[in-house]
Amino acid sequence: MSTKQNRESGSTSVKKEEKKAKVESASTHVTLRFKGQDEEEIRVFRMRRNVEMRKVMKRYGETRGVKWTTFVFILKDGTRIRESHTPDERSKNMPAETESDVVEVNRGLLKELEDMGFSMARAAWALHHSGNSSLEEAVNWIVDHENDSQFDKAPVVEFNIEIESPSPHDDTSQARANELKERARKLREEEETKREREREKERIRAGKEMMETRRIAEENERKRNIALRKAEKDEGKKAREKVMLKVNADKAERKSRHGLPTEAQSTSTSTLVAPLDTKRILMPSPSPVSKAEEMRECLRSLRRNHKEEDPRTMRRAFETLLMIVRNAAKTPDEEKYRRIRVTNRLFQERVGRFKEGMEFMELCGFKREGGSEFLSLANDEGDMSRLRDAAFQLQSAVTNPFFGLLSKEAAEE
């Protein structure tokens with residue numbers, strides 16, 4: 001029972017001492033608020049009433065990073081404050097203020113937290129909530145509340161000039177501060193390492209996607225080349241069949257002309273078959289050749305007859321013809337695309353010096369009237385389907401590496 005009474009009496013005495021200290025503090029100290037014309041922040045300082053203003057003016061200049069003599073300190077009513085004045089002399093204009101709306105922090109700890117990379121707002125709130133006890137407690141509070149956005153706004157901070165007075169730190173506190181700085185540095189390094197690892201994973205993923213895209217493109221190109229080679233083989237096979245059919249027809253015609261039995265007559269043993277008109281059967285009347293076939297054969301002749309030329313020269317010739325045909329097809333109303341000067345140097349080097357190139361221009365509808373130096377495409381001959389066929393044949397000649405290697409005339413040779 002006596003122990004309980006002792007505790008209650010001790011608690012009551014502590015409360016009385018705290019209340020007495022607050023009353024004494026309110027009677028001996030004053031809270032001053034400073035706000036510059038060029039800043040929004042309000043700086044709060046607490047000092048004794050009988051101390052000259054020179055001390056707080058110097059501290060304000062230090063917080064601004066400017067020499068304090070460059071400032072002029074004025075009260076709200078316009079009265080200027082001199083450095084030799086004291087709060088007691090200006091007590092009527094400078095009443096004591098309550099401390100409920102400000103946050104009191106230890107400026108030494110606040111500076112160390114800012115040197116460690118924390119913002120002034122977070123550091124002030126951390127010191128306030130940790131009771132300015134130690135640097136470690138403040139750091140732990142910041143780590144625990146790093147996702148709380150309400151502490152990003154800086155509070156009104158009160159700097160106690162008595163607390164701010166320089167005091168030597170012992171080796172233990174300095175070592176602890178260095179340890180906390182090293183911990184913060186390691187945390188930043190770990191975060192940077194994690195971000196770098198994520199970036200490396202993203203680069204590897206992008207590289208794999210690029211390689212897969214390239215593989216698909218190469219596979220599609222290989223399939224196109226196989227299809228082109230197959231088409232060329234089929235075309236060569238059809239050409240050879242036509243040649244063999246013509247050879248057989250020539251043989252049958254010579255035999256019939258000399259009175260020799262044909263193969264059909266020699267193989268017939270049971271009945272006599274009347275002589276057949278081999279010209280009518282074996283040599284059917286040729287079907288009219290389309291313009292597209294004529295264009296294709298003309299381009300084949302151009303490549304075949306100039307095999308000794310540089311392959312790039314033939315490619316430039318095909319590309320030049322393709323450009324002329326496309327321009328005429330896309331903009332048929334433009335006169336400059338319907339008239340080609342034959343004496344043009346580039347046209348002569350790429351197309352005009354080849355007889356087959358000029359023939360292809362005529363197949364497309366371009367004509368050279370009289371001694372004119374222009375090839376003109378008349379309005380009535382600007383058949384879009386003919387120009388499209390020409391563009392298709394030229395595109396095949398440019399992209400198909402086997403174009404012109406097999407044709408009717410080549411097979412006959």
Side-chain angles (χ1 to χ4, degrees), residues 217-218 220-232 234-235 288-410:
E218 291 176 353
N220 293 336
E221 183 67 21
R222 186 182 65 82
K223 290 180 180 180
R224 282 195 296 270
N225 291 335
I226 292 175
L228 289 174
R229 286 196 293 270
K230 186 176 183 300
E232 290 292 338
D234 294 342
E235 186 178 358
V289 181
S290 63
K291 282 288 184 182
E293 287 294 333
E294 291 182 9
M295 293 177 183
R296 186 177 182 85
E297 190 60 33
C298 181
L299 295 176
R300 287 173 173 171
S301 300
L302 176 60
R303 170 168 286 184
R304 184 175 59 252
N305 295 339
H306 300 279
K307 292 185 294 186
E308 69 280 359
E309 294 280 353
D310 189 352
R312 291 176 295 182
T313 302
M314 292 292 99
R315 184 178 181 85
R316 281 197 299 268
F318 291 148
E319 290 176 348
T320 303
L321 289 171
L322 180 60
M323 181 183 65
I324 293 172
V325 170
R326 281 181 175 174
N327 289 338
K330 289 181 179 179
T331 55
D333 297 332
E334 289 287 341
E335 183 66 22
K336 63 180 180 180
Y337 296 138
R338 305 177 69 87
R339 286 168 58 85
I340 306 299
R341 187 187 294 274
V342 179
T343 57
N344 182 276
R345 182 179 61 83
L346 289 177
F347 180 80
Q348 278 294 328
E349 289 179 356
R350 298 183 180 185
V351 178
R353 65 191 183 95
F354 301 115
K355 180 185 70 174
E356 295 83 356
M358 299 301 292
E359 291 178 357
F360 187 84
M361 293 290 291
E362 293 177 358
L363 290 174
C364 293
F366 288 90
K367 291 184 179 181
R368 186 175 183 178
E369 298 179 357
S372 175
E373 61 177 359
F374 289 96
L375 282 173
S376 301
L377 182 64
N379 292 332
D380 55 348
E381 296 184 2
D383 187 6
M384 291 296 104
S385 62
R386 182 189 303 178
L387 293 176
R388 283 195 294 268
D389 291 341
F392 177 78
Q393 299 299 335
L394 286 167
Q395 184 68 28
S396 177
V398 170
T399 58
N400 185 359
F402 305 100
F403 184 85
L405 297 181
L406 294 174
S407 63
K408 183 187 296 184
E409 296 182 4

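Throughout, numbering of the chain's residues begins at 1 and tracks the sequence. As the structure is a prediction and not an experimental result, all values here were calculated from the model. Only heavy atoms go into these numbers, but all of them, side chains included; no hydrogens, no water, no symmetry mates.
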Rounded to the nearest 0.5 Å, what's the gap from NZ on K230 to CG on N225? Could you check?
15.0 Å

Between the side chains of E218 and R222, is the shortest nitrogen-to-carboxylate-oxygen separation below 4.0 Å, so that they form an ion pair?
no

Working to the nearest 0.5 Å, report the span between CZ of R386 and CG of L363.
8.5 Å

Presence of salt bridge, R353 and E349, under 4.0 angstrom
no

Write down the atom of A328, the atom of Y337, and the distance for their closest heavy-atom approach.
CB-O, 3.9 Å

Between R224 and E221, is there a salt bridge with N-O shorter than 4.0 Å?
yes

Residues R339 and E373 bridged, charged N to O under 4.0 Å
no

Which residue in the set L377, L321, V325, D389 passes side chain to side chain contact (heavy atoms under 4.5 Å, CB included) when paired with C364?
V325

Beyond-backbone contact of V351 with F360, side-chain heavy atoms, under 4.5 angstrom
no

Of R303, H306, R304, which is the lone residue that meets side chain to side chain contact (heavy atoms under 4.5 Å, CB included) with E356?
H306

Between the CD atom in E335 and the OG atom in S376, the distance rounded to the nearest 0.5 Å is 7.0 Å

CG-CD distance between L302 and E309, expressed to the nearest 0.5 angstrom:
9.5 Å

Decide yes or no on side-chain contact (heavy atoms from CB on, under 4.5 Å) for E297 and E359, but give the supporting numbers first.
CA-CA 11 Å; E297 190 60 33; E359 291 178 357; over 6 Å; no

Let me see the working for R296 and S396 under side-chain contact (heavy atoms from CB on, under 4.5 Å), right down to the final yes or no.
CA-CA 9 Å; R296 186 177 182 85; S396 177; 4.1 Å; yes

Taking it one step at a time, do F374 and V342 satisfy side-chain contact (heavy atoms from CB on, under 4.5 Å)?
CA-CA 6 Å; F374 289 96; V342 179; 6.0 Å; no

Are the side chains of K367 and L375 in touch, meaning some heavy atoms are under 4.5 Å apart?
no

When you look at M361 and I324, which way does the side-chain contact (heavy atoms from CB on, under 4.5 Å) test go after all the steps?
CA-CA 9 Å; M361 293 290 291; I324 293 172; 4.2 Å; yes

Distance-only, no hydrogens or angles: does the D310 side chain make a donor-acceptor pair with backbone N or O of T313 under 3.5 Å?
no

Using the test side chain to side chain donor-acceptor pair (under 3.5 Å), find all partners of Q348 that sit at least two apart in sequence or belong to another chain.
none

Tell me if a side-chain donor or acceptor on T320 pairs with a main-chain N or O of R316 at a distance below 3.5 Å.
yes

Do you know the tightest heavy-atom contact between L322 and A391?
CD1-O, 3.7 Å

Determine, step by step, whether R388 and Q393 satisfy the side chain to side chain donor-acceptor pair (under 3.5 Å) criterion, reporting the C-alpha distance in whole Å, the side-chain angles of both residues, the deciding distance to 0.1 Å, and the verdict.
CA-CA 9 Å; R388 283 195 294 268; Q393 299 299 335; over 6 Å; no

F392 atom CZ, neighbour heavy-atom count above 12 within 6.0 Å:
no

Hey, could you give me the CD/CG distance between E319 and L394, rounded to the nearest 0.5 Å?
10.5 Å

